[in-house]
Each structure stands twice: as structure tokens, then as C-alpha cells.
Number of protein chains: 2
Amino acid sequence: MYSQPVDTRDKLIESTRELLWERGYVGTSPKAIQALSGVGQGSMYHHFSGKPELALAALRRSAELLRAEAERSLLGPGTAVERVTGYLRREREVLRGCRIGRMAQDPEVIADPQLRAPLAETFDWLRETITTVLAEGRSRGEVAPDLVPETTAATVLAVVQGGYVLARSADSAEPFRQAVDGLIALISR
Amino acid sequence: MYSQPVDTRDKLIESTRELLWERGYVGTSPKAIQALSGVGQGSMYHHFSGKPELALAALRRSAELLRAEAERSLLGPGTAVERVTGYLRREREVLRGCRIGRMAQDPEVIADPQLRAPLAETFDWLRETITTVLAEGRSRGEVAPDLVPETTAATVLAVVQGGYVLARSADSAEPFRQAVDGLIALISR
DNA sequence: GTCTATATTTGGATAGAC
DNA sequence: GTCTATCCAAATATAGAC
């Protein structure tokens, strides 16, 4: 989930990604993006029309990287439960939260269909992917037959997103781990 | 979860509560609070030293009300699973999210121990309360014996908080309901 | 307690030179 | 493509009168 900026556009997008993650849309100013990226005012407005366009490019890239990262655990080797467990337990910067889920709190993002789209698409894709993993696992007998793949997939996603909220509130990664452990115990029986 | 403002301080706190819910800490300006409450500049700064103090009063009140609301389902009648299910399915303004959990995304709230305290305390109390409900239910045979009360309680909280994130991202309450349904199925067997 | 005036900084750009 | 100058509104107060 990291890429070294090579050109000016890239530097702007990477800096915007970091600031959106840390401070959200309303908390991210063009000036801060310029300062972090080292790109000047004129240059920034040459490459992007303004803050919304920058944010859109940043969110699209974050969504793409998040998806690639999730594929590594979900579409890798192992049984269904192992793959979902791997996804839940993969290394995360728990106290920083999710680059995508974070934006769901920003009213200006949620109100703008263009800006909201990467969020909706990312979670849709994740839910479908996890649903498929669980459904296949069930047909192979790796997963309890009474477990409903689609709703369980939504539960998995919610635990991750909610785990971040609990962790940040507690200023500790512990609640995230507890929530994940509780879920893994529930789906493993 | 509603109270009619009676005096000036109350009007300010209620308006701040609404704005913090809708726009977060960084997105809430003193001017907006004055406009919504109908209280003038001078009056506002007479009652509160500034935005942090207003936010603190608002968060404390929201935490108190949220706790009272949660007690209604968690400490009411019914088996352990019924009470947790009641908590999960109680009426919520899903697309508006949680007044408390919402603030976990605000770096200025998380960085300030005073402002973060209501969040940490609320989730600690909820986790402990749900843990107790599940532990008692287990000892009564209402809950599967292999279900760990503490981690499961964290999972319950995370599903609610994460459900809000998924719902707002999708601009639909459906993912919240799916996540909750998935969890209820998991703890009911 | 409340009002109006004033002040400083930041947000988010546009304009035009190089 | 990039730089510097300029602009106007909003954020977040403080001061002093009533």
C-alpha cells in the first residue's frame, strides 16, 4: 500500500492521500497539500482544477491499492476460514484507520456521488469477494452449513471498520484485536 | 435521545451536538453554532471559552444519552441473546451514524485526552455491559458455552460502528442490516 | 449577559509574469 | 509547467459598549 511518487501529479496525489487519511476531506487544505508535496501553488492548479479533483484522484488510487492488498489474503491459498482470518489479521495501521472507510464520515464526500463512488465500489467488491470465499468454503465443508455467506461477509467488513473506530476511541489497537478475535471464534465453529 | 433546550447554555450545547454529529469537530464552526442556536457571538463566548469547551459539553451530553438509550435494550427483560439482538436492532438513524463513534475520525478530538475521554468511556462501558449480559446468559445456558463474552462484546460493538460506515458509504441502510443479521445468526447458534 | 466592532489566520482560489 | 501576487470569504476569536 505504498508507492513512491515519480512526477508532480504523483506527488500531489500521494500527499493528498496522506492528508485525507489523517485529516479527512474538510480538514485537508490545498495549502497543506502544497506544503507536504513540495509542489507550488501554480503548479498544483495547473495539474488539478482544485480540491475536489485532487481528492477524487487520491480516493481512486487508495481504493485500487486497498483492493489489491485485500486480494492477497482473500484470493490466496488456504481454506475459506483461513483466508478470511488472514484478511482480518493482516498487518494494519490500526490507529490510523482505513483510508476508504474514514471518508464515510465526511459529509461533503458522502454528498458528492463522484467522491462517494470509490467508497461504495470498494465495499461492494469486498462484500462480494468475501461472500464468494465463504460460499465456496461452505460447499467444500470448510464452513458451517448454517452460515449465510452474504450477511456474514457484511459482518466481516463491519467488524474491521468498526474495529478501527473502537481502537481510535481507546487510543489502543486492543479493541480492534478483540473484535476480530470474537468474530473469528464465531465463524470458526 | 432528544431534549428540548431550555436556556441559552442548553441551546448552545444542543446545536453543537447536532453540528458535531453532522459535520464533525473540524467541520463545526462557532459561527455555525451561533446561527443554529440563535445565540449571539458575545453571548456564546460568555458561556463557553470557545469551541473546545463547547464540544466537550456536547460530547459529554451525547455520551450520557447514548448510555441511557443502550441501557433500555441491554438491561431490559429477555434472554441474553434477545437483549443483545434488541440492542443491535433498535431503531437508529443509520445514515447519520453514531454521535460518539463519529468523532473517532477527528484527529483533533483523538489528540485531546479531554475530548477523547467520552468516546473511550462510552465504548468501555458498552463493552463491559455487553460482556456481563453474555456471561450471565452463558451461565444460564442461553448462550453457547464456547462463546467468549469479552471478545464477542467487542465484536458486537464493532459491527454497529462498522455498519454505520458501510451504510454511509453505500448511501443505504441495507449494509448495516446485513452486518447485524450476520452477527445475530452467528451468536444465535 | 448580550451586542457590535475589530483583528488575525487560513481556505481556496484566480491572474499574469516567466 | 511553475512562480509570485492578489483576492475574498470564513474561522476563531478579543475588546469594549450597553
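The figures here come from the full heavy-atom set of this structure, side chains too, leaving out hydrogens, waters and symmetry mates. We name chains A, B, ... by the order of the sequence lines, and we start the count at 1 in each one.
Side-chain atoms of Tyr164(A) and Arg92(A) form a donor-acceptor pair, as typed in the model, at a separation below 3.5 Å.
Protein atom CZ of Phe48(A) is 15 Å distant from nucleotide atom P of dT14(C), rounded to whole Å. Going from atom OH of Tyr45(A) over to atom P of dT4(D) covers 16 Å, rounded to whole Å. Taking atom OH of residue Tyr25(A) and atom P of nucleotide dG11(C), one finds them 14 Å apart after rounding to whole Å. Residue Met44(B) contributes atom CE, which lies 17 Å from atom P of dG1(C) at whole-angstrom precision. Leu54(A) has its CG atom 12 Å from the C1' atom of dG12(C), to the nearest Å. Rounded to an integer number of Å, the gap from CD of Glu108(A) to C1' of dG11(C) is 12 Å. We find that NE2 of His47(A) is positioned 17 Å from P of dA13(C), with the value rounded to whole Å. Straight-line distance from the CD1 atom of Ile33(A) to the C1' atom of dT10(C): 14 Å, rounded to whole Å.
For Gln114(A), the CD atom counts as loosely surrounded, since its 6.0 Å shell holds 12 or fewer non-hydrogen atoms of other residues, nucleotides or ligands.
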Short heteroatom pairs, N/O only, protein and nucleotides 15-18 of chain C, under 3.5 Å:
none

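The side chain of Ser43(B) contributes no N or O atom lying less than 4.0 Å from OP1 or OP2 of dC3(C). Residue His46(A) places none of its side-chain N or O atoms closer than 4.0 Å to OP1 or OP2 of dC3(D). Phosphate contact (OP1/OP2 of dT2(C), side-chain N/O of Thr8(B), threshold under 4.0 Å): present. Applying the 4.0 Å criterion to OP1 and OP2 of dA11(D), one finds that Lys31(B) has every side-chain N and O outside that range.
Clustering ILVMFWY residues whenever any of their side-chain heavy atoms sit less than 4.5 angstrom apart, transitively, puts Ile13(A) in a cluster other than the one holding Leu115(A).
Between Arg138(B) and Asp146(B), none of the side-chain N atoms (NZ, or NE/NH1/NH2) sits under 4.0 Å from a carboxylate O, so this pair counts as no salt bridge.
Remark: Arg96(B) qualifies as a cation-pi partner of Trp21(B) under the 6.0 Å distance and 45° angle criteria applied to the six-membered ring.
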_Ser62(B) and Arg17(B): CA distance, side-chain angles, deciding distance, side-chain hydrogen bond (donor to acceptor under 3.5 Å, both in side chains) verdict_ = CA-CA 7 Å; Ser62(B) 287; Arg17(B) 269 170 29 86; 2.6 Å; yes
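In this structure, the side chains of Arg89(B) and Asp181(B) come closer than 4.5 Å at one or more pairs of heavy atoms.
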